[in-house]
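Have a look at the structure below, then the notes.
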Protein chains: 2
Amino acid sequence: MPSIDEVAARAGVSTATVSRALRGRSGVSPHTRDRVLAIADAMGYVASSSAAGLATGRNMAIGVLVPVVHRWFFASAIEGVDRQLRSRGYDLDLYSLGGAGTNRDRVFHRSMLRKRIDALVVLCMALTDEELAALHALEQPVIVVGGPVDGCRHVSIDDRAAVRDATEHLIGLGHQRIVHLAGGGSFGIDFSVPRLRAAGFRDAMGAAGLPVGAASTVFGDYAADRSKDAVARVLAADPRQRPTGIVASSDEMAFGALLAAAEAGLRVPEDLSVIGVDDHEFAEVFGLTTIRQDPIAAGERAATLLLAALEGDEGDLTAQPAPEPHELVIRRSTGPAPLLAAAGRGSRSGRASAGRVGATGAGAHAAPSGSRSLGAGTARPRVQPA
Amino acid sequence: MPSIDEVAARAGVSTATVSRALRGRSGVSPHTRDRVLAIADAMGYVASSSAAGLATGRNMAIGVLVPVVHRWFFASAIEGVDRQLRSRGYDLDLYSLGGAGTNRDRVFHRSMLRKRIDALVVLCMALTDEELAALHALEQPVIVVGGPVDGCRHVSIDDRAAVRDATEHLIGLGHQRIVHLAGGGSFGIDFSVPRLRAAGFRDAMGAAGLPVGAASTVFGDYAADRSKDAVARVLAADPRQRPTGIVASSDEMAFGALLAAAEAGLRVPEDLSVIGVDDHEFAEVFGLTTIRQDPIAAGERAATLLLAALEGDEGDLTAQPAPEPHELVIRRSTGPAPLLAAAGRGSRSGRASAGRVGATGAGAHAAPSGSRSLGAGTARPRVQPA
DNA sequence: TTGTACGCGTTATCAG
DNA sequence: CTGATAACGCGTACAA
């Protein structure tokens, strides 16, 4: 771990020259520059970030604040942020709230104030007013990945439109009794994303003239197990009352719905269609129709915007960026609505766009041996940009 | 963002006294200490980590090096490390290799040398000799979470024993044709964990006098989709040849196996038993029998050991810590082996410990309507410590 | 083009 | 118990 002085000594120049050469500043002859670079490299010299940070006021690091890390969306977004950062020479400091606990306070009032970071990415979470104030007090660029947060720019899909599209997909297949499997509220305070998505559901239902009552929504809390239970209760109803379609606010909840359907002995999509939001890594293998979003890309985009703000390549630093794209990915969990009136199960004149590619993918390992109803293992999903 | 001078001025003392008071050093009268603390707090003063780091040589931050973040094991371990760190006042710098790419080089030869961290946690990954050398050159405490790595301490379960236990569970249920669904090799170089787990499989098979041939192992690459395809091929074989049990090296691979079974029209566990390793968050909802490990706890433990080494509370800094515990969690994906000789499907005199709690959980939404073969939705899993 | 010298914000040493 | 003051390692006006 040589210091800049040692490099300077070995190169026979001053520390100022070494610094200039290493940072690519002008005012160094090509010759000395190359020489210094070579020597520094040979010595394995890397400037201490503490010293450099003290001198310049820039830490070349940005913070990422997350509610928890081990969930698909957050982990993916972190990955995206990291990729962009790393390629630009920035480090990433992770601040996880770990679900709950008192470290929440510590994070906001200690860790983040230590001047280790130049900017902050906040991953989709609810913040108290007090916390929001703490963020602004940092006087650092902040950007949110996920739903809208008061005074902050955010990069995210149009959540309302996404769920509207999902719902319309089912409506287009002839479904009329559709239930929204909603999430939200997990990490403390109420947050806008679940509300937006629920609104999207109501938008589509309303536009189609379909009724939306209290029974039209069940709570899955963004978790597969809770969703499975919730959907199981719904499916236990009279077949003529029970929904033929479920719009889950996330893929993980949709998985729970699929498993509940399986345990209830219902076929997907013949008896029940399920659509999610995310395109989770397991969606493909489950054959789940979903609205795809790309949290890695979102993370990258957020990092890019933040770095732009940081490096003064400012376009408009306060302009809200356009929503990230989302797209309908049709797999095997959605199909034409079963006939409503008759108890029987004839084929219905579903819209042409129904696109039942195969039977289902969520598994049927309790199906009677030999009932190989799951043919199209490798069917390509059909994608339809938003 | 006041500086220490401003606090000192306001308190009417020197910066030295402020520093002492804030860091809890002796040599400050209780009175002034309280006074300084109150003022600093009121002013929202937090020492700059750059300056403090420069002065002390300690950064109060540790690095976490991961192959990728958006996988269950890694994300969970990161969460664990973060929890422990945060509670001790340390920050966490994340270095993700992002799968591959040239930033791998940058991470090892730039980022990690910037003196931002005091120690390093390496999450289960293969390292080249050159990279290993780079780590040692850091002259900082290093600990690995996951499989064994040359000169480093590591915290992990006994992978070999874990898969041995898994295999023995199936053998105990009367299975004889068992296939190992292996992982490994994903992130560059060969790594010890997949090898250890494969060895555990052979251990158990050998001890039971069961044959292990080339066909006894298929490659799932730690991924659900690849595993699904691989298992699908295996299950396509003659029913009298095909395996009755699958030991997957991870739960994600086991999920793939379950889905393959479903698509092949096989019942689980009547026709095929599947066991995994991990106790992934979806294992419960899938009803997957598995060998549980707790990566969050592993991360916490690694962080604890590292901090101990850092703070000189050294027990034995080189001693390899005891393996993390693992335990068999019996759910609904494993049951007595089907009769081998007869084509029929009678009940077999499986061991009493078989514990088929319910039918299966991996879903059967292609099952004929009404065939509600999935009763015990809320059955508690049986846990059996290793 | 290059070198000198000061400042960045804290901590630690050494007098008082 | 407290206060000056010298590091800590680097970046950068300013001078040469």
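Letters go in sequence order (proteins before strands), and every chain restarts at 1. All values derive from a computational prediction rather than experimental measurement.
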Contact list (N/O, under 3.5 angstrom) for nucleotides 1-5 of chain D vs protein:
{"unit_1": "D:dT2", "atom_1": "OP1", "unit_2": "B:S29", "atom_2": "OG", "d": "3.4"}
{"unit_1": "D:dT2", "atom_1": "OP1", "unit_2": "B:T32", "atom_2": "OG1", "d": "3.3"}
{"unit_1": "D:dT2", "atom_1": "OP2", "unit_2": "B:S29", "atom_2": "N", "d": "2.8"}
{"unit_1": "D:dT2", "atom_1": "OP2", "unit_2": "B:T32", "atom_2": "OG1", "d": "2.9"}
{"unit_1": "D:dG3", "atom_1": "OP2", "unit_2": "B:S14", "atom_2": "N", "d": "3.0"}
{"unit_1": "D:dG3", "atom_1": "OP2", "unit_2": "B:S14", "atom_2": "OG", "d": "3.3"}
{"unit_1": "D:dG3", "atom_1": "OP2", "unit_2": "B:T17", "atom_2": "OG1", "d": "2.8"}
{"unit_1": "D:dG3", "atom_1": "N7", "unit_2": "B:R20", "atom_2": "NH2", "d": "2.8"}
{"unit_1": "D:dG3", "atom_1": "O6", "unit_2": "B:R20", "atom_2": "NH1", "d": "3.1"}

Would you mind telling me which of [options] lies closest to the side-chain atoms of [X]?
X	options	value
A:S19	D:dT12, C:dG9, C:dT11	D:dT12
B:A55	D:dG11, D:dC10, D:dC8	D:dC8
B:S48	D:dC10, D:dG11, C:dG9	C:dG9

Worksheet item: Between C:dA12 and B:R23, is there an OP1 or OP2 to side-chain N/O distance shorter than 4.0 Å?
Response: yes

Check the distance between [N]'s [atom2] and [X]'s [atom1] and give it to me in whole angstrom.
X	N	atom1	atom2	result
B:L113	D:dC10	CG	P	13 Å
A:N59	C:dC8	CG	P	16 Å
A:M1	D:dC8	CE	P	17 Å
A:L54	C:dT11	CG	C1'	12 Å
A:R25	C:dG3	CZ	P	18 Å
B:K115	D:dC10	NZ	P	7 Å
A:I4	C:dA5	CD1	C1'	14 Å
A:R116	C:dG9	CZ	C1'	15 Å

Discussion item. If you count every heavy atom of other residues, nucleotides or ligands that lies below 6.0 Å from B:R33 atom CZ, does the total exceed 12?
Written reply: yes

Worksheet item: Would one find more than 12 heavy atoms of other residues, nucleotides or ligands at under 6.0 Å from atom CZ of B:R110?
Response: no

Fill in: Under 3.5 Å donor-acceptor, B:N59 side chain and B:K115 backbone
yes

Item to complete: For A:H136 and A:E131, test the side chains for any donor-to-acceptor distance below 3.5 angstrom and give the result as yes or no.
Response: no

Can we say [X] and [Y] salt-bridge, meaning some charged N sits less than 4.0 Å from an Asp/Glu carboxylate O?
X	Y	value
A:E311	A:R88	yes
A:R83	A:E79	yes
A:R86	A:D91	yes

